[in-house]
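The structure appears below as structure tokens.
In listed order, ligands and their atoms are each counted from 1. Predicted, not measured: the structure shown is a model, and the values here were computed from it.
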Amino acid sequence: MITDMIENDKVKKILYGGDYNPEQWPEETWEEDMRLLKLAHIDVVTLNVFSWASLQPEEDVYHFEKLDSIMEMVHRHGLKVCLATSTAVHPAWMARKYPDILRTEFNGMKRKFGGRHNSCPNSRTYRKYAPALAAKLAERYRDYDNIVAWHISNEFGGVCYCENCERRFREWLKEKYRTIEEVNRVWDTAFWGHTFYDFDEIVTPNLLSEHFAPDRTTFQGISLDYRRFNSESILDCYRLEYDALHAVTPDIPITTNLMGTFPDLDYQMWAKYMDFISWDNYPANDTPIEETAMRHDLMRGLKQGKPFALMEQTPSVTNWLPYNALKRPGVMRLWSYQAVAHGADTVMFFQMRRSTGACEKYHGAVIDHVGHEHTRVFREIAELGAELEKIGSLTLGARTDAKAAILFDWDNWWAAGYSAGPSINLRYCDEILNYYKAFHNLNIPVDIIGVEDDLSGYALVAAPLLYMVKSGHDEKLRSFVQNGGHFLTTFFSGYVDEHDLVTVGGYPGRLRDILGIWVEEEDALPEDAANRFTYGGITYPAVLICDLLHTEGAESLCSYEKDFYKGMPVLTRNRFGKGLAYYMAARSNADFYRRLIGDICREAGIEPIIGQLTETPGLIEVTKRRNQNGTFLFFLNHDTEEHEIPLNCAGTDILTDTDYRAGDLMKLNAKGTAIILVRE
Ligand code: GLA
Ligand code: ZN
């Protein structure tokens, strides 16, 4: 954990820096880099991310001399190091000599050497040489007192469909299901006569077998298991490196850089094997701020709210979007503080110096091609660096104590994504975001948690699109509500078990008694169609899916106003034990979600940090973190205009040292941030 690093006394402030690749440059530039990084108040560099080829140029030959001198140089200059293991791209000789390391794509195409993140996770070669390199790095650099973390590989991901993977998949299935009969049962292979007689008949589900598009498969059960298997296979590779590092340097925390709402890997499972969470945040300029906020909260939730590292962001521009717009003046600072506001204890970039060749030569960097410090981007970076120095250790380790939680589950994402029907416009992350946005806009802190997390600290749990209810999960939700919790779920919930097999006896399956309803049918509306309902005197649209449901103990709070199911409930509330369970049978709009979540929060005794601050909800983002130094309120002005914020408490802005009394109006510039340390 980052806090481990703090306890180690290695980290006394928000670490500031990021990817630095001096090995891609002539040594003459290195000392100048050191001067510039110091000028920018940078104190940490992520080294050695893509160096496997130079570290191991032949099977039995390792060369660490260059890395030695880089390590010496940055140590001499007082920089801390996040040391990567370099295993995100295998060396070319390895691909030629051991082609089992090459991946096979979804369409069955065997890759040649090229790209990155390109190793088959079940390749013996990869599983031998990647941890071997990690072990050598750990042995060689174990005595450096400035290594604050290990960074395994880089942005793990992708899916491989090669023969190594196919063989290993069969073994994985044997371990999981024991008999071929059980495999046939959980995949319902009797459908379309796909019965398997022997494990060796099982093949990878891709375009050559069950799929007709990446997210379209004839057997969801097979495809779902393959996703789980692939995520675990890649995790095994990570763990091999983890073990190699940990054996030599047990006190150095280990991480790998995640990617937020990234579909390939079940990060909730991965998080168990990570000492702290780190992630790469690359919103486009038009990404809604709530979406970025949601990703930060998702990442924070992976370790039950422990602070995370912002491992990468661009200082100015990306190179891989269709339109790579610049971050406007002030936006880099604002988005850096947005990360901190949501739980980050580092602010880091990709990368320190802009490369001269290949696909990232026009990606933003601290040091631009011009080579000096007189650029807008450099100035903004240096100013933020000075500010972070001023903040020092004040906010480190601070936690968000949310009373509301949103449930997020990779299996649900995968299963709902593979589902044929009810609508191609049904997207798991969209439904999560719809509800997240309501909390965000109301300035109500929310945690994003997984199905294994403890619910006892929450007054409200929202589980949009809880399509898959795994064995035991309904029990947990049942006792949460029975004990007085507020629970909310939506259409297309409770349909299947963990194998994507329908729970028969009426939707929403295992949630039916908690919600006190029976969903008889579901109507998928085309994009231009809408039903409507009235809630609290206002009429809202019902779109995407409209469930036709009957109450079985629940009360109907509002009903459809059109079509043959006019009068049927669209929003229900069921008293269950000491708690209340809500069901929202259709998708609606942001105004409605805000209204509904506001009402349920009030009922559950959950207070906003501060009331709505502008006409446009959400433009002023507000979060709260607390540690032994006190309570910090973060105010982030995402608007292009200045705003005045009526403060509801007394405190000091730790960025400007301005004191405020409760009731004062605080001026917040366009793109401005204030961090108020509350006087209690
Ligand atoms: C990712 C990678 C980096 C770099 C950046 C560019 O986050 O980890 O190596 O490619 O993207 O945006
Ligand atoms: Zn493979």
Between the side chains of [Y] and [X], is the shortest nitrogen-to-carboxylate-oxygen separation below 4.0 Å, so that they form an ion pair?
X      : Y      : answer
Asp368 : Arg354 : yes
Arg167 : Glu171 : no
Arg228 : Asp266 : no

- Calculate the angle formed at the Zn ion (ligand 2) by SG in Cys120 and SG in Cys160; 10° precision is enough.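 Between SG of Cys120 and SG of Cys160, at the Zn ion (ligand 2), the angle is about 120°.
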- Does some non-hydrogen atom of Thr318 fall short of 4.0 Å from ligand 1?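 Checking ligand 1 against Thr318, which is what was asked, there is no heavy-atom contact under 4.0 Å.
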- Message: With a cutoff of 4.0 Å, is Asn154 in contact with ligand 1, counting heavy atoms of the residue only?
- Response: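 Judged by the 4.0 Å heavy-atom criterion, Asn154 does count as contacting ligand 1.
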- State, yes or no, whether a side-chain contact exists between Ser336 and Leu384 at a heavy-atom distance under 4.5 Å.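 In short, these two side chains touch, coming nearer than 4.5 Å.
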- Query: Looking at side-chain heavy atoms only, is the closest gap between Tyr129 and His90 below 4.5 Å?
  - Reply: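 No, side chains not in contact.
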- Using a 4.0 Å heavy-atom threshold (strictly under), name the region of Arg116 that reaches ligand 1: side chain, backbone, both or neither.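 Within the 4.0 Å criterion, Arg116 contacts ligand 1 through side-chain atoms alone.
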- Message: Could you identify the single nearest non-hydrogen protein atom to atom 6 (C) of ligand 1 and state the distance to 0.1 Å?
- Response: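 In this structure, atom 6 (C) of ligand 1 has His363 NE2, 3.1 Å as its nearest protein heavy atom.
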- Query: Nearest to atom 3 (C) of ligand 1, what protein heavy atom do you find, and at what distance?
  - Reply: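 Ranking protein heavy atoms by distance from atom 3 (C) of ligand 1, first comes Glu312 OE1, 3.4 Å.
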- Atom CD1 in Ile381, atom CD in Glu373: separation rounded to 0.5 Å?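 Those atoms lie 12.5 Å apart.
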- Task: May I ask you to check whether Trp320 has an N/O atom sitting below 3.5 Å from an N/O atom of ligand 1?
- Result: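 There is such a contact, yes.
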- Any N or O on Glu360 sitting closer than 3.5 Å to an N or O of ligand 1?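 Yes; the residue has a nitrogen or oxygen that sits under 3.5 Å from a nitrogen or oxygen of the ligand.
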